Structure formats: C-alpha cells, structure tokens
Amino acid sequence: MKARYILPVLGLLLAGSSWAEGAHWGYHGKHGPKHWEGECQTGRAQSPINIRTGAATATELPALVFQYQPAGVQLVNNGHTVQLNIAPGSRIRIGEDVYELLQFHFHTPSEEQINGKPADMVAHLAHKNEQGELAVVAVLFKVGAENAALKSFWKDLPRKEGKLELDQQFNAFDLLPADFGYYAFSGSLTTPPCTEGVRWQVLKEPVTLSRAQLHAFKKIFPMNARPVQPLNEREVKASK
Ligand SMILES: [Zn+2]
C-alpha cells in the first residue's frame, strides 16, 4: 500500500494547540506517567490494568458485533503513537449500544497485562456513540507469524510526526482474532487527560505479528505504554 506524505512536520508544529499540548507529556523522565496531571493522578478508575483472570467474574456479557467495513484511512504519527483515523461507517454493537469506530493506534508493550504479563503490542480500537461515550476494544499482539493486516500499511508507518493518506481502503475487521471473547471493565483514556468513563473490552485471544513487524514499530516508538493502574473498587468481567 502506497501512501502520500501530506503534511510536513513544520506544518504540525504550527498547526495549533492540540498538537502543542501533546508535546508536554511522554513516557520517560520528568514528562513521564508519574508526572501526568489531573485525572491521571486523581482518578480511581484508570487504565490500563492488570487483568487477573482468576479474579475476573465469568458472566454472560453481550456479544461484540463488529460491523466494520473497508474505509479510507489517514495514518498519523502524533509523537506518542501511530494512529489510523478511519473514515465513518464502521461500527460496533455491544448489546443495545452502538459505537462508531474513530481510530485505532498501537502501544508496545501492550498496556494491558494478563496475570502480570504484557503482550508484545496492543491495538486500541477507539469508538464513540451518539452520546459521546467512548468504548475501546483492545487486541493483543504476540510475536509469531507475520500479520497480513498490518503488512498492508506497516511499511508506511510515519517515522516522524506527520500524516499520510493511504491510497487504498483498510478494513479494521482484519485486525481481529477469530474469537471475540473478552474481558470488560470501566476505565479511562491511557494518555493525558486520562478521562474516565471509558468502556473497555480486552479480547482474550491474541493475534500475531512477526518480530520484524514489532521491530519496525519499536524503531519509531521503543516504549509507549502507561504502567498498570490500581483496580480499586472495580470489577473485571469475563465473557463465558
Ligand atoms: Zn491506546
């Protein structure tokens, strides 16, 4: 998949406050997670978490119904991750609730831990409903066979801050594992401002990517995972 470089770095630096804000936080040192402000410090239902599978409540959770379709994609290096903005039309249905897929992006290692262990990478698929409520689906990646869905755009990962318009459509459904069993809990954005009230679904079944694919991402972002946060009073549910 070829991509066209549409916005130079200088343009982004001048592009406005939302980008400028992003420059003030990171994953290391004095801009690292310990120093993130606001809800990141005061929240009681923060993400990510360590999912202790033995402590999760097995229950009849609503099936995740992915109504994704091929869509135009904009590939963005925002200085914290590589994000793919998805053109409208892909939705997820969770029980009665319908959310539109806005974007997905990656963290390495995975921010979520399962029984104290992160996976090699995670994709966060971020959705929003008509009320403005957010639902994120996390797909865990482990090193193994090459990932064909990633392969279609991985060589175009922007190494510097900027945006690319992919010249062909992408179906986010191709990122998903075969089984949609999941863990569910209430959490937050994992980046500042760490806003809570986010509905989290972490798929149990990981997918694979090759060591070379992982390395290609790590060359741009060697570590972009927030540490796990206290569970506090929250319950983690597991689909049966
Ligand atoms: Zn994320």
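Everything quoted here is computed from the prediction, not taken from an experiment.
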The residue among Val65, Leu64, Val137 that forms side chain to side chain contact (heavy atoms under 4.5 Å, CB included) with Ile94 is Leu64
With salt bridge (charged side-chain N to carboxylate O under 4.0 Å, His left out) as the criterion, how do Glu133 and Lys128 come out once you've worked through the C-alpha distance, each side chain's angles and the decisive distance to 0.1 Å? CA-CA 5 Å; Glu133 296 159 336; Lys128 192 185 255 187; over 6 Å; no
Can you tell if the side chain of Asn85 reaches within under 4.5 Å of the side chain of Val73, non-hydrogen atoms only? no
Verify, without hydrogens or angle tests, whether Gln213 (side chain) and Trp154 (backbone) share a donor-acceptor contact under 3.5 angstrom. no
Pairwise distance CZ(Phe106) to CG(Leu150) - rounded to 0.5 angstrom: 5.0 Å
Does some side-chain heavy atom of Tyr183 sit less than 4.5 Å from a side-chain heavy atom of Ile114? yes
Establish, from distance only, whether the side-chain atoms of Trp200 and Ser186 form a donor-acceptor pair under 3.5 Å. no
Heavy-atom distance under 4.5 Å between the side chains of Ile49 and Ile51, does that happen here? yes
Heavy-atom pair of closest approach, residues Thr108 and Asp120: OG1-O, 2.7 Å
Please tell me whether Leu164 and Phe170 are part of a single hydrophobic cluster in this structure, the criterion being side-chain heavy atoms less than 4.5 Å apart. yes
Spell out, as yes or no, whether a donor-acceptor pair under 3.5 Å connects the side chain of Glu205 to the backbone of Asp179. yes
For atom NZ of Lys204, decide whether the heavy atoms of other residues, nucleotides or ligands shown that lie under 6.0 angstrom number more than 12. yes
Using a 3.5 Å distance criterion without hydrogens, assess whether the side chain of Gln41 forms a donor-acceptor pair with backbone atoms of Lys34. yes
So do Phe217 and Val82 actually touch side chain to side chain, heavy atoms under 4.5 Å? yes
List the steps, then state whether side-chain contact (heavy atoms from CB on, under 4.5 Å) holds for His28 with Met223. CA-CA 9 Å; His28 299 286; Met223 202 298 286; 4.1 Å; yes
Here the gap from Ser90 atom OG to Phe66 atom CZ, rounded to the nearest 0.5 Å, amounts to 11.5 Å
Nearest atoms (heavy-atom pairs only) where Gly116 meets Pro118: O-CD, 4.0 Å
Heavy-atom donor-acceptor pair, Ser110 side chain to Val122 backbone, under 3.5 Å: no
Glu37 atom CD: more than 12 heavy-atom contacts under 6.0 Å: no
Validation row: Leu125, Leu176 side chains within 4.5 angstrom (heavy atoms): yes
To the nearest 0.5 Å, tell me how far Asn129 CG sits from Leu134 CG. 8.0 Å
Heavy atoms of Pro158 and Leu75 approach each other most closely as CD-CG, 3.8 Å
Hey, what do you get for CG (Asn77) to CG (Leu157), rounding to the nearest 0.5 Å? 9.0 Å
Take Asn171 and Gln169 through the test side chain to side chain donor-acceptor pair (under 3.5 Å) and record every step on the way to the result. CA-CA 7 Å; Asn171 190 341; Gln169 297 195 317; over 6 Å; no
Atom pair NZ (Lys117) and NZ (Lys142), whose distance is rounded to the nearest 0.5 Å: 9.0 Å
Any chance the side chains of Asn115 and Gln113 put a donor and an acceptor closer than 3.5 Å? no
Testing the basics here: between Pro177 and Pro206, what is the closest heavy-atom pair and its distance to 0.1 Å? CB-O, 4.4 Å
Partner of Gln46 under side-chain hydrogen bond (donor to acceptor under 3.5 Å, both in side chains), chosen from Gln229, Arg226, Glu39: Arg226
Flag yes if Phe141 and Tyr182 sit in one hydrophobic cluster, no otherwise; membership is Ile, Leu, Val, Met, Phe, Trp, Tyr, and two members link when side-chain heavy atoms are under 4.5 Å apart. yes
Please examine the side chains of Trp25 and His80, heavy atoms only from C-beta on, and report whether any two atoms are closer than 4.5 Å. yes
How far apart are the closest heavy atoms of Pro192 and Cys40, and which atoms are they? CA-SG, 3.9 Å
What do the steps show when you test Arg44 against Glu233 for side-chain contact (heavy atoms from CB on, under 4.5 Å), and what is the final call? CA-CA 8 Å; Arg44 296 278 300 166; Glu233 300 81 10; 2.6 Å; yes
Rounded distance [0.5 Å steps], CG in Asn78 versus CD in Glu161: 7.0 Å
Compare every heavy atom of Leu101 with every heavy atom of Ala126, then report the nearest pair and how far apart it is. O-CD1, 3.6 Å
Parallel, tilted or perpendicular: which fits the ring planes of Tyr68 and His127, with parallel below 30° and perpendicular above 60°? parallel
Using a 6.0 Å cut-off, check whether atom CD of Glu130 has over 12 heavy atoms from anything other than its own residue. no
Main chain of Ser188, side chain of Ser47: is a donor-acceptor contact present, judged purely on distance under 3.5 Å? yes
Are Leu140 and Val207 side-chain neighbours, meaning at least one heavy-atom pair lies under 4.5 Å? no
With sequence neighbours excluded, what pairs up with Tyr99 under the ring-ring contact (aromatic ring centres under 6.0 Å, His included) test? none
Leu84 and Val76, any side-chain heavy atoms less than 4.5 Å apart: no
Give every residue pair that meets the salt bridge (charged side-chain N to carboxylate O under 4.0 Å, His left out) criterion with at least one member in residues 84-110, sequence neighbours excluded. Arg91-Glu100, Asp97-Arg199
Would a single hydrophobic cluster contain both Ile92 and Val136, if residues Ile, Leu, Val, Met, Phe, Trp and Tyr are joined by side-chain heavy-atom contacts under 4.5 Å? no
Aromatic rings His105 and His124: how do their planes relate, parallel, tilted or perpendicular, breaks at 30° and 60°? perpendicular
Would Val98 and Leu102 show up in the same hydrophobic cluster when neighbours are defined by side-chain heavy atoms closer than 4.5 Å? no
Answer with yes or no after comparing the ring centroid distance for His24 and Trp36 against a 6.0 Å cut-off, counting only values under it. no
Count I, L, V, M, F, W, Y as connected when their side-chain heavy atoms are under 4.5 Å apart, and connections chain through other members. Are Ile220 and Leu214 then in the same cluster? yes
Let me see the working for Val143 and Thr208 under side-chain contact (heavy atoms from CB on, under 4.5 Å), right down to the final yes or no. CA-CA 5 Å; Val143 166; Thr208 63; over 6 Å; no
